[in-house]
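Before any comments, here is the structure.
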Amino acid sequence: MPELPEVETIRRTLAPRVVGRTITGVRVLSPKFVVGTGPEEFAEAVTGARIKGLDRRGKFLIMHLEYPKRARASSPCGGEEARDGPAPGGGDIIVHLKMAGQLLWCAPRADLGPTRRRHTHVVFSLDDGHELRYVDTRHFGRLYFTGGDVADRALRRALQTLARLGPEPCQGGLDWPTFREMLASRKARIKPLLLDQSFVSGLGNIYTDECLFRAGIHPLRRASSLSEAEARVLHRAMCEVIREAIELRGTSVRDYVDGEGREGSYAGRLRVYGRAGEACPRCGTEIARTVVGGRGTYFCPRCQRLGEEPARSRTNV
DNA sequence: AAGGGCCCCTGAAAGC
DNA sequence: TGCTTTCAGGGGCCCT
């Protein structure tokens with residue numbers, strides 16, 4: 001469940017290790033993780049490329065590649081065929097870790113244990129002797145190669161999603177008056193809306209619950225029903241939570257580790273997520289758990305009131 | 001536009 | 001103890 005703070009932490013730990021390095025080899029152990037091109041073509045395409053930069057957008061990691069000038073290997077079918085293949089010498093690698101993906105920088109002989117070994121899907125060899133391994137126990141994550149087949153449905157989909165990401169919820173990505181306006185035109189419930197990456201990008205299930213708790217807003221409130229003051233408080237809560245989580249290098253519940261395999265330490269700071277039945281740190285009421293939009297949702301029923309709309313489900317007299 | 005449901009996938013936890 | 005079932009979750013996709 002890497003969300004913005006985790007992906008940013010991974011980016012920060014990996015960047016100094018891999019930027020400037022040249023990829024000397026690629027092993028694709030599970031073809032389905034590479035989108036946009038076949039495993040052999042992928043390996044052939046990016047071998048020899050230099051990692052020019054490592055960026056993050058929302059929960060996506062973008063590995064910018066730079067290609068040396070090289071003579072096209074002569075095609076067995078003759079030169080004319082080359083135009084139909086993947087774009088020669090081009091393409092970046094876009095990674096989405098989804099639930100449990102890990103990008104690990106390590107020594108080539110590093111033993112990451114049986115579970116990770118079993119779920120190592122792509123291995124990049126770097127020119128300084130290290131490796132960058134893509135490990136994913138849940139098999140949800142993907143590596144998209146932008147130099148691949150432009151007609152590939154999954155690739156196009158991912159690029160479109162990336163292009164349509166909403167602003168980041170903090171660090172100058174979004175000021176609160178704009179946020180207030182964005183909320184005002186939406187009837188959706190606030191939690192699913194914050195999870196919508198085309199609305200704001202980077203929030204996942206954990207931080208959404210934390211932000212709403214901090215702002216004292218019930219996850220089922222309609223976005224447009226939030227007052228100006230509430231919008232402002234929520235905006236501030238998002239900035240604070242994200243900033244603090246990045247400072248503490250992310251939240252490790254289950255699988256998350258950074259680019260060097262280290263856990264983050266924000267888990268101890270979570271106030272509601274995963275704490276059903278425990279006392280609310282603010283008022284002592286038991287933290288409740290419910291399901292919103294199919295996601296486990298934690299909140300304090302006293303600090304986060306649902307004032308609006310009569311709960312028509314079962315308001316026993 | 002909004003929302004519900006299913007799917008992908010497997011380790012961990014709960015249930016028996 | 002050990003086997004079986006349930007659950008978690010980001011996001012695509014389909015349907016209403």
Side-chain angles (χ1 to χ4, degrees), chain A residues 1-8 10 29-36 56-61 94-103 112-122 134-144 152-166 168-169 181-210 219-225 250-257 263 267 270 272-277 289-298 308-309 312-313:
Chain A
M1 34 191 74
E3 305 179 25
L4 192 159
E6 289 75 32
V7 180
E8 177 61 19
I10 292 167
L29 307 173
S30 323
K32 71 170 180 181
F33 291 90
V34 176
V35 175
R56 179 192 58 74
R57 185 70 182 83
K59 302 177 194 174
F60 286 91
L61 270 175
I94 299 174
V95 183
H96 200 302
L97 304 166
K98 292 286 178 81
M99 297 267 313
Q102 301 177 334
L103 265 181
L112 306 178
T115 304
R116 281 184 184 159
R117 197 183 312 137
R118 187 161 63 247
H119 296 291
T120 297
H121 307 299
V122 183
Y134 180 72
V135 177
D136 190 343
T137 57
R138 291 286 183 281
H139 295 208
F140 283 171
R142 291 293 183 268
L143 277 61
Y144 302 93
D152 185 287
R153 186 185 167 90
L155 178 60
R156 290 173 67 160
R157 197 74 203 157
L159 294 178
Q160 190 176 57
T161 301
L162 185 62
R164 291 181 182 173
L165 286 179
E168 308 231 336
E181 273 180 43
M182 288 164 60
L183 291 173
S185 61
R186 295 296 209 114
K187 291 179 210 156
R189 301 186 185 275
I190 189 66
K191 167 148 180 179
L193 188 60
L194 293 180
L195 287 173
D196 179 349
Q197 302 298 299
S198 68
F199 184 71
V200 291
S201 58
L203 294 179
N205 204 38
I206 295 176
Y207 293 115
T208 300
D209 281 3
E210 292 300 309
L220 290 178
R221 287 281 302 280
R222 300 278 172 186
S224 55
S225 80
T251 302
S252 292
V253 292
R254 291 190 186 84
D255 307 281
Y256 166 73
V257 290
E263 297 198 334
L270 296 175
V272 289
Y273 184 84
R275 298 195 182 280
R289 181 187 185 278
T290 180
V291 175
V292 175
R295 300 286 176 254
T297 298
Y298 301 86
E308 49 158 5
E309 56 199 321
R312 70 182 63 188
S313 43

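Throughout, a chain's letter reflects where its sequence line sits, starting with A, and its residues are numbered from 1. These numbers come from a predicted model, not from an experiment.
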(message) Between A/Phe33 and A/His139 (judged by ring centroids, cut-off 6.0 Å), do the two rings come close enough to count as a pair?
(response)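 Aromatic pair counts; centres sit under 6.0 Å.
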Rounded to whole angstrom units, what separation is found between the [atom1] atom of [X] and the [atom2] atom of [N]?
X: A/Arg138; N: C/dG12; atom1: CZ; atom2: P; value: 20 Å
X: A/Asp136; N: C/dG10; atom1: CG; atom2: P; value: 13 Å
X: A/Phe199; N: B/dG3; atom1: CZ; atom2: P; value: 13 Å
X: A/Leu220; N: B/dG3; atom1: CG; atom2: C1'; value: 13 Å
X: A/Arg142; N: C/dC13; atom1: CZ; atom2: C1'; value: 15 Å
X: A/Leu195; N: B/dG4; atom1: CG; atom2: C1'; value: 15 Å
X: A/His119; N: B/dT10; atom1: NE2; atom2: P; value: 7 Å
X: A/Lys98; N: C/dG12; atom1: NZ; atom2: C1'; value: 7 Å

Phosphate contact ([N] OP1 or OP2) by [X] side-chain N/O below 4.0 Å:
X: A/Arg186; N: B/dA2; result: yes
X: A/Arg189; N: B/dA1; result: no
X: A/His96; N: C/dG11; result: yes
X: A/Thr161; N: C/dG12; result: yes
X: A/Lys59; N: C/dG11; result: yes
X: A/Tyr273; N: C/dA8; result: no
X: A/His139; N: B/dT10; result: yes
X: A/Gln197; N: C/dG11; result: yes

(request) Report yes or no: is there a donor-acceptor pair, N or O only, under 3.5 Å between the side chain of A/Arg157 and the base of C/dG11? (result)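 A donor-acceptor contact between them is absent.
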(request) Answer yes or no: is there an ion pair linking A/Arg56 with A/Glu168, defined by an N-O contact shorter than 4.0 Å? (result)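 Yes.
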(message) For A/Pro2 versus A/Leu97, what's the shortest heavy-atom pair and its separation?
(response)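 Nearest pair, atom of A/Pro2 first, then A/Leu97: CG-CB, 3.7 Å.
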Answer with yes or no whether the side chains of [Y] and [X] bring together a donor and an acceptor at under 3.5 Å.
X: A/Arg164; Y: A/Gln197; value: no
X: A/Asp136; Y: A/Tyr134; value: yes
X: A/Lys191; Y: A/Thr297; value: yes

Students often get this wrong, so: under 4.0 angstrom with heavy atoms, is [X] touching a base, only sugar-phosphate, or nothing?
X: A/Arg118; result: sugar-phosphate
X: A/Arg164; result: nothing
X: A/Arg153; result: sugar-phosphate

(request) With DNA chain B as reference, determine whether A/Arg295 or A/Lys187 sits nearer its 5' end, using the nearest nucleotide of each. (result)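 By nearest-heavy-atom nucleotide position, the 5'-most residue is A/Lys187.
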(message) Quick check for you: among B/dG11, B/dA2, B/dC9, whose closest atom lies nearest to any side-chain atom of A/Lys32?
(response)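 Looking only at heavy atoms from C-beta outward on A/Lys32, the closest nucleotide is B/dC9.
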(message) Determine whether the aromatic ring of A/Phe140 stacks with the base of C/dG10, defined as ring centroids separated by less than 5.5 Å and ring planes inclined by less than 30°.
(response)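 Taking the rule of under 5.5 Å and under 30°, the ring of A/Phe140 does stack on C/dG10.
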